Number of protein chains: 2
Amino acid sequence: MTVTAQKTNEVSSIRRELGISLPVICREIFAAHRAEIQVRNERIAVANLGKILEATLAIANRKGFAAMSLRELAERAGLSLGGLYAYIKSKDDLAVMIQAQVQRVLQQAMTNRLADIRDPAQRLSEAIRTHLYLSEALLPWFQFLYMEARHLAPSERRRAVALEQESEKIFADIIIAGQQTRQFRDCNPQVAAGMLKAMLQDWYLKHRKHRQRGLNVAGYATQVEEFINRYLAHTNS
Amino acid sequence: MTVTAQKTNEVSSIRRELGISLPVICREIFAAHRAEIQVRNERIAVANLGKILEATLAIANRKGFAAMSLRELAERAGLSLGGLYAYIKSKDDLAVMIQAQVQRVLQQAMTNRLADIRDPAQRLSEAIRTHLYLSEALLPWFQFLYMEARHLAPSERRRAVALEQESEKIFADIIIAGQQTRQFRDCNPQVAAGMLKAMLQDWYLKHRKHRQRGLNVAGYATQVEEFINRYLAHTNS
DNA sequence: GTCTATAGCATGATAGAC
DNA sequence: GTCTATCATGCTATAGAC
């Protein structure tokens, strides 16, 4: 009970702090894509964008973006097929919208929340928790980004790969800093960061499995931290 | 040089020992699907199945199975569209063929290679290496299984989920056995097995990344083992 | 055993009424 | 701002010649 409450609080604290709610996200998307979106009234546009994006994520995460027809999408979003095209330039454009937005949010959150922390061990903990809570708060968005990235146009895919590398580099740099202060033992920081990312991504890729086992984000975060801390700890033998 | 040679040898040793080569796999698939395949001549059928499956994996792993057209597949496999249908009942049937085969091979390999090993630490090492070398030897097959499993029909997807759980249970059981002999410290074996699987799957899901860093299967196996061994080792403080 | 030709249909996208 | 109606295209799957 306490754990659940704490978890909910931590996630919703991230939500509040970073402005992660469907209306806010849609307002940003509306601002970023004003040129292509034909609807001028912001209230209406944001409301419909919300329905469209929610429906896209739900359908695409179940059967895949390629297998989702725009008719099915329009129906679920409560619009006609023609009406849908007032909000998107093309089907591919829709995928790019989502991808760009979740990338932007992730990058900004990591930067903001690590800004004031100096100690490597604390930075590592904060980076792990930010990544996990963010993926929990934006679960379908993260799942979409991971599963559909390879089906994007080459230029967009390169951006996705670059962000992925950048995000891994954040972890590697923290580990290197901790090795320089001798808080962490000597080992390959890239490998450690790679393993860490694999565990972080497992949270949202196998979300159902973890929840069925009664594990919540806070509990998983603790486990990941214990894993990486034991790996980075000095051997006393 | 030595490492590369060793890696190649271990993978090709797995290949030989388990009969993992395209002709052998296609012969098994031919036997399992004789009812649906209209071509009676085994030599011809196996040869063409090989081209079809190779092309399917190549195209589907690049752009997704749903986005692959059977025209493109037939062309790449060197058959006409009509000719292709002598080998498959439908497009979905093709995905099931691949899925069932890689599941069968994985399950059999794990069972065989762990049969004669008693010591939990050795069993864990062997299970890790078998999984990794198998995914290396059958790289596009594993990638296909992971990425396309959710797009299968409900009944087939349940089978995929069940096998995934079963494979994780193998690791969890080994860890439990090691805890009973006091070789491993006390901790949640399910969580440990889950983290382990996340690292194992990362090898084939991010294969390009790892290879670009100059890491090969043998090296990655060593890293994974070090990770899990440090996690399972008794704390001496 | 493999081909060409085609049926039958669903899709992404657009035009124009309201 | 949203709709209905429609175009053009590409798809899976099959029929029948060779």
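All values below were derived from every heavy atom in this structure, side-chain atoms included, with hydrogens, water molecules and symmetry-related copies excluded. Lettering of chains follows the sequences in order, A, B, ..., and the numbering in each one begins at 1. All values reported here derive from a predicted model rather than from experimental measurement.
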Rounded distance [0.5 Å steps], CD in A/Glu156 versus CD in A/Gln103: 8.0 Å

To the nearest Å, give me how far apart [atom1] ([X]) and [atom2] ([N]) are.
{"X": "B/Met68", "N": "C/dT11", "atom1": "CE", "atom2": "C1'", "value": "18 Å"}
{"X": "B/Lys51", "N": "C/dT2", "atom1": "NZ", "atom2": "P", "value": "9 Å"}
{"X": "B/Leu73", "N": "D/dG10", "atom1": "CG", "atom2": "P", "value": "18 Å"}
{"X": "B/Leu84", "N": "C/dT4", "atom1": "CG", "atom2": "C1'", "value": "15 Å"}
{"X": "B/Tyr85", "N": "C/dA7", "atom1": "OH", "atom2": "C1'", "value": "13 Å"}
{"X": "B/Leu81", "N": "C/dG8", "atom1": "CG", "atom2": "C1'", "value": "14 Å"}
{"X": "B/Ile37", "N": "C/dT2", "atom1": "CD1", "atom2": "C1'", "value": "16 Å"}
{"X": "A/Leu70", "N": "D/dT2", "atom1": "CG", "atom2": "C1'", "value": "17 Å"}

Nucleotide of D/dT2, D/dC11, C/dT4 approaching B/Ser80 most closely (side-chain heavy atoms): C/dT4

Sugar-phosphate, base or nothing in reach of A/Ile44, heavy atoms under 4.0 Å: sugar-phosphate

B/Lys209 side chain near A/Gln165 side chain, heavy-atom distance below 4.5 Å: no

A/Tyr87 side-chain N/O to D/dT2 phosphate OP1/OP2 under 4.0 Å: yes

OP1 or OP2 of D/dG10 under 4.0 Å from side-chain N/O of B/Ser69: no

Residue whose closest nucleotide on DNA chain C lies nearer the 5' end, A/Lys89 versus B/Arg40: B/Arg40

B/Glu42 or B/Gly82, whichever maps to the more 5' nucleotide of DNA chain C: B/Glu42

Side chain B/Asn61, main chain B/Pro140, donor-acceptor under 3.5 Å: yes

Short side-chain to backbone donor-acceptor contact, A/Lys51 and A/Ala74, under 3.5 Å: no

Contact nearer the 5' end of DNA chain D, comparing A/Arg71 with A/Leu79: A/Leu79

Stacked cation flag A/Lys91 on A/Phe65, 6.0 angstrom / 45 deg: yes

